[in-house]
Engineer: 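Okay, handing you the structure first.
Values below: all heavy atoms of this structure, side chains included; hydrogens, waters and symmetry mates excluded. The first residue in the sequence is number 1, and the count goes up from there. Note that the structure is a prediction, hence the values are computed from the model and not measured.
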Amino acid sequence: HQPATLKGRKNSAYSKFLLILSNNTPVMPSILIAPDKFKNTLAATEVADEIASVIRETMPDATIRICPMADGGEGTAGILASHLSLQPASILGHDPMMNKAIIRYYESADTCAVDCAAIVGLQMLSGSRRLTPWKATSYPLGEFINEMLSKGKQKIIIGLGGSATIDGGIGMLQALGAQFTDVDGEPIPAPICAESLSRIFSIDFSGMPRADLARRIRILADVDLPLIPYGQNDTGLSSLSFAPQKGVADSDIDTLANALSNYIDAVDEALYPPSNQPRFQGAAGGLGYAFHRVLRCPASLGAEKIISMYNLFNPRPDLVITGEGSFDNQSFTGKATGTICNHASSANTPAIVITGRSSISKLPGNVTVLTTSPNPPVSSRNTNRTHHPDHTPTRQEALANLRATLRKTLPPAIAASLQNPPAEPSTETPTTPPSATASTPPATPTHELSHKYFQTDIFKKTIKKIREKL
C-alpha cells in the first residue's frame with residue numbers, strides 16, 4: 001500500500017511506516033542528539049554532526065535537536081561560554097609536569113570559565129611531554145586561579161574532569177598559600193606533587209584567603225565519588241578507580257590509597273571537624289577534595305548543570321541519542337552519558353548510546369547500546385558483552401568506525417526503539433551513586449505514537465517488512 005500523500009516525498013521505509021500509523025498524516029519523531037566527546041579522538045560536536053547526518057539521510061522530516069554535551073571534563077568551559085557570552089582568552093602557564101604551556105579559557109569582565117583539563121589535563125601532555133603520575137602536580141591550576149584573582153574576576157567556574165594528576169589537589173592548595181610540613185617540621189618545597197602525599201604531617205591554611213575563594217569559585221565535577229572508598233560507599237568507586245588511566249600501576253593503588261589517607265588525616269587535623277560529606281571529592285584526581293572539603297567551594301555535577309542549561313528534556317523528545325568513547329560502570333557516576341540515560345529512563349523516553357566500546361554491567365530500561373567495534377550492539381535486553389581490546393584508535397579510525405556503525409545500525413535501532421509504546425512513568429530511582437541527586441524532568445503527556453495500533457498483528461507484520469527493506 002502506497003499512501004497518496006507519499007507522492008513527492010522521499011520514498012523511505014520509515015516515511016511509509018509513519019504515514020501508515022497516522023492514517024496518511026505524516027508524524028515524524030523528535031530526536032535529541034546529545035553525545036559527549038569520544039576521548040582523545042572525536043569532539044562532541046563531531047559525533048553529534050555525524051549522527052545527525054545519518055538521520056537526515058534516512059528520516060529527512062524528523063525534527064532534530066543537537067546539543068553537544070560535557071560533564072566537567074574537556075569541552076565544559078566552551079559550552080558555558082556559549083550560554084554566558086564569554087570570549088576566548090589565553091595566558092602563559094604550566095602543564096601538570098611544570099612545562100611552560102598556553103592555557104586557554106573563556107572570560108568576560110568579571111567572570112571566567114576553564115576546564116582543569118586545559119591546565120593539568122592529560123590533553124596537555126603529548127609528544128615529548130611525558131606523564132609521570134607520581135610527579136605530576138595540580139600546582140599550575142593554583143597559579144591560574146591566582147592570575148584570575150589578580151585580574152579581578154568575581155566568578156571563576158572550573159570544570160573538574162580529565163586531569164592527569166593524582167595529588168588530591170595539594171599542588172593547587174600550595175600555590176594558593178597552603179604550607180605543608182613533614183614530621184620533622186621541614187617545609188615541603190613547591191611544587192608539591194603526589195609523591196609527597198605520604199610525607200605530609202601537618203598543613204597550615206592560615207595564609208590562604210579561604211572565605212574569598214569559596215565566594216568566587218564554582219566547581220562542576222564530572223563524577224560524584226569520594227576521594228578514597230569509605231564505609232557507606234557501596235559502589236566501591238573513588239578517585240582510585242581512575243588512577244590506572246593516568247599511568248598508576250595496579251600494584252601501586254594501595255600505596256596511593258594510603259598516601260591519600262595520610263593527607264586526609266592532616267586536613268582533618270587542621271580543619272576540624274572531619275569531613276563526613278565526601279560528595280564530588282574524587283573528581284579530577286582529588287581536586288574535588290581540595291575545592292569542596294578544604295576551600296568549601298560550591299560544587300555540583302557538571303552533567304546536570306549542562307542538561308539544565310540546555311533545558312534538555314523540555315519538550316520531551318521521542319528519542320534520545322547520546323554517546324561517549326567508552327561506556328562502562330563509571331559512566332553512571334555522574335558522567336554525561338549515564339546521566340542522560342537516567343533522565344531518559346525517568347521520562348520513559350527510549351535512548352540509544354553510541355560508543356567505541358561497552359563493558360556496562362547493568363542498564364536502565366529503554367536503553368540500547370551500539371558499539372563502533374565489530375561486536376554486536378548491546379541493549380538492556382541483552383547483557384552478554386564481548387570484551388573489547390584496550391586500544392585507542394586514531395581520529396581517522398574513530399571517524400571511519402563511527403560512520404560505518406551509524407549507517408548500518410542506527411536506522412533500524414531507531415525504528416526498534418520507537419516501535420515500543422512508552423510504559424507508565426517509572427517509580428524506580430535512576431541508577432546513580434547513593435550520594436548523587438538529579439532533578440527529574442517534569443511529566444509530559446504520552447506522545448501520539450503510543451497508539452493501540454502498536455499492539456496489533458498487522459503492525460508487527462509492518463515492522464517486519466520495514467526491517468527487511470532497511
Side-chain angles (χ1 to χ4, degrees), residues 27-37 44-45 47-49 51-52 55 59 62-73 75-76 79-80 82-84 220-222 224 300-324 327 331-355 363-370 379-380 410 413-414 416-433 436-450:
V27 180
M28 300 309 293
S30 60
I31 300 176
L32 170 64
I33 301 174
D36 198 357
K37 63 189 173 299
T45 52
V47 179
D49 288 344
I51 295 172
I55 294 176
M59 298 163 234
T63 300
I64 298 174
R65 184 183 178 199
I66 300 177
C67 299
M69 284 295 298
D71 51 23
T76 301
I79 294 176
L80 292 172
S82 65
H83 284 78
L84 301 176
L220 297 178
D222 70 337
D224 188 359
S300 59
L301 279 175
E304 292 289 353
K305 177 66 174 179
I306 301 302
I307 287 172
S308 176
M309 292 181 73
Y310 277 132
N311 205 3
L312 212 57
F313 285 83
N314 186 21
R316 193 192 79 177
D318 296 313
L319 174 68
V320 177
I321 302 177
T322 183
E324 61 181 332
F327 189 53
S331 300
F332 288 90
T333 60
K335 291 185 175 292
T337 301
T339 303
I340 288 175
C341 286
N342 285 334
H343 276 273
S345 183
S346 297
N348 300 292
T349 300
I352 296 175
V353 176
I354 311 294
T355 181
L363 286 170
N366 302 334
V367 176
T368 298
V369 179
L370 304 178
S379 76
S380 56
L410 185 57
I414 291 176
S417 296
L418 290 175
Q419 83 176 56
N420 295 318
E424 290 299 316
S426 173
T427 57
E428 297 182 359
T429 303
T431 309
T432 52
T437 57
S439 57
T440 302
T444 54
T446 302
H447 192 273
E448 59 187 323
L449 285 180
S450 60

Engineer: Using modelled atom types and a 3.5 Å cut-off, is there a donor and acceptor pairing between side-chain atoms of Asp222 and backbone atoms of Gly72?
Structural biologist: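 Checked: no pair found.
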
Engineer: For the atom pair SG (Cys67) and CE (Met309), what is the distance rounded to the nearest 0.5 Å?
Structural biologist: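 Here the rounded value is 11.5 Å.
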
Engineer: Within the side chain of Arg316, is there an N or O that forms a donor-acceptor pair under 3.5 Å with the backbone of Thr349?
Structural biologist: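 No; zero donor-acceptor contacts below 3.5 Å.
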
Engineer: Do Met69 and Thr339 have side chains that get closer than 4.5 Å, going by heavy atoms?
Structural biologist: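 They are not in contact (no side-chain heavy atoms under 4.5 Å apart), so the answer is no.
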
Engineer: If you compare all heavy atoms of Ile55 against all heavy atoms of Ala62, which two are closest, and at what distance to 0.1 Å?
Structural biologist: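 Residues Ile55 and Ala62, closest heavy atoms: CG2-CB, 4.4 Å.
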
Engineer: Return the minimal non-hydrogen interatomic distance between Gly75 and Ala70, and the atom names on each side.
Structural biologist: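 So the minimum-distance heavy-atom pair works out to C-CB, 3.8 Å.
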
Engineer: Let me confirm one number: the CZ-CG distance from Phe327 to Leu370, rounded to the nearest 0.5 Å.
Structural biologist: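 CG of Leu370 is found 11.0 Å from CZ of Phe327.
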
Engineer: Okay, side chain of Arg65, backbone of Ala34: is any donor-acceptor separation there less than 3.5 Å?
Structural biologist: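 No: the side chain of Arg65 does not pair with the backbone of Ala34.
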
Engineer: For the side chain of Ser417 and the backbone of Ala413, is there at least one donor-acceptor N/O pair under 3.5 Å apart?
Structural biologist: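 Answer holds: yes.
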
Engineer: In Å and rounded to the nearest 0.5 Å, what is the CD1 to OH distance from Ile79 to Tyr310?
Structural biologist: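 Rounded to the nearest 0.5 Å, the CD1-OH separation comes to 4.0 Å.
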
Engineer: Can Leu80 and Leu220 be said to form a side chain to side chain contact (heavy atoms under 4.5 Å, CB included), step by step?
Structural biologist: CA-CA 11 Å; Leu80 292 172; Leu220 297 178; 3.7 Å; yes

Engineer: Distance-only, no hydrogens or angles: does the Thr337 side chain make a donor-acceptor pair with backbone N or O of Gly323 under 3.5 Å?
Structural biologist: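 Yes, because the side chain of Thr337 sits within donor-acceptor range (under 3.5 Å) of the backbone of Gly323.
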
Engineer: Closest heavy-atom contact between Pro35 and Ala44?
Structural biologist: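 Reported closest heavy-atom pair: O-CB, 3.5 Å.
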
Engineer: Measure the CD1-CD1 distance between Ile33 and Ile51 for me, rounded to the nearest 0.5 Å.
Structural biologist: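 Ile33 CD1 to Ile51 CD1: 6.0 Å, rounded to 0.5 Å.
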
Engineer: With no hydrogens and no angle check, is any side-chain donor or acceptor of Ser308 less than 3.5 Å from a backbone partner on Glu304?
Structural biologist: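 Judged by distance alone, no pair lies under 3.5 Å.
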
Engineer: Any chance you could measure Leu418, atom CG, to Met59, atom CE, to the nearest 0.5 Å?
Structural biologist: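 Reported to 0.5 Å precision, the distance equals 8.0 Å.
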
Engineer: Do the non-hydrogen side-chain atoms of Ile321 and Ile414 ever get within less than 4.5 Å of each other?
Structural biologist: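 Counting from C-beta outward, Ile321 and Ile414 do come under 4.5 Å.
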
Engineer: Given Ile307 and Ile340, is the side chain to side chain contact (heavy atoms under 4.5 Å, CB included) satisfied, shown in steps?
Structural biologist: CA-CA 8 Å; Ile307 287 172; Ile340 288 175; 4.0 Å; yes

Engineer: Please examine the side chains of Val367 and Cys341, heavy atoms only from C-beta on, and report whether any two atoms are closer than 4.5 Å.
Structural biologist: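 Contact flag for Cys341/Val367 side chains = yes.
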
Engineer: Give the minimum heavy-atom separation between Pro68 and Thr45, together with the two atoms involved.
Structural biologist: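 The answer is CG-CG2, 3.6 Å.
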
Engineer: Using modelled atom types only, decide if a donor and an acceptor are shared between the side chain of Thr355 and the backbone of Glu324 within a distance under 3.5 Å.
Structural biologist: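 Side chain of Thr355 to backbone of Glu324, a donor-acceptor pair under 3.5 Å: yes, one is there.
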
Engineer: For Gly334 and Leu301, which heavy atoms make the closest approach, and how far apart are they?
Structural biologist: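 Heavy-atom minimum between the residues: CA-CD2, 3.9 Å.
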
Engineer: Evaluate side chain to side chain contact (heavy atoms under 4.5 Å, CB included) for Ile306 paired with Asp71, printing each intermediate quantity in order.
Structural biologist: CA-CA 7 Å; Ile306 301 302; Asp71 51 23; over 6 Å; no

Engineer: Measure from the side-chain N and O atoms of Thr368 to the backbone N and O of Ile352, and report whether any donor-acceptor pair falls under 3.5 Å.
Structural biologist: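 No, Thr368 side chain to Ile352 backbone: no donor-acceptor pair under 3.5 Å.
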
Engineer: Roughly how far apart are Ile66 CD1 and Asp49 CG, rounded to 0.5 Å?
Structural biologist: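 One finds 5.5 Å between CD1 of Ile66 and CG of Asp49.
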
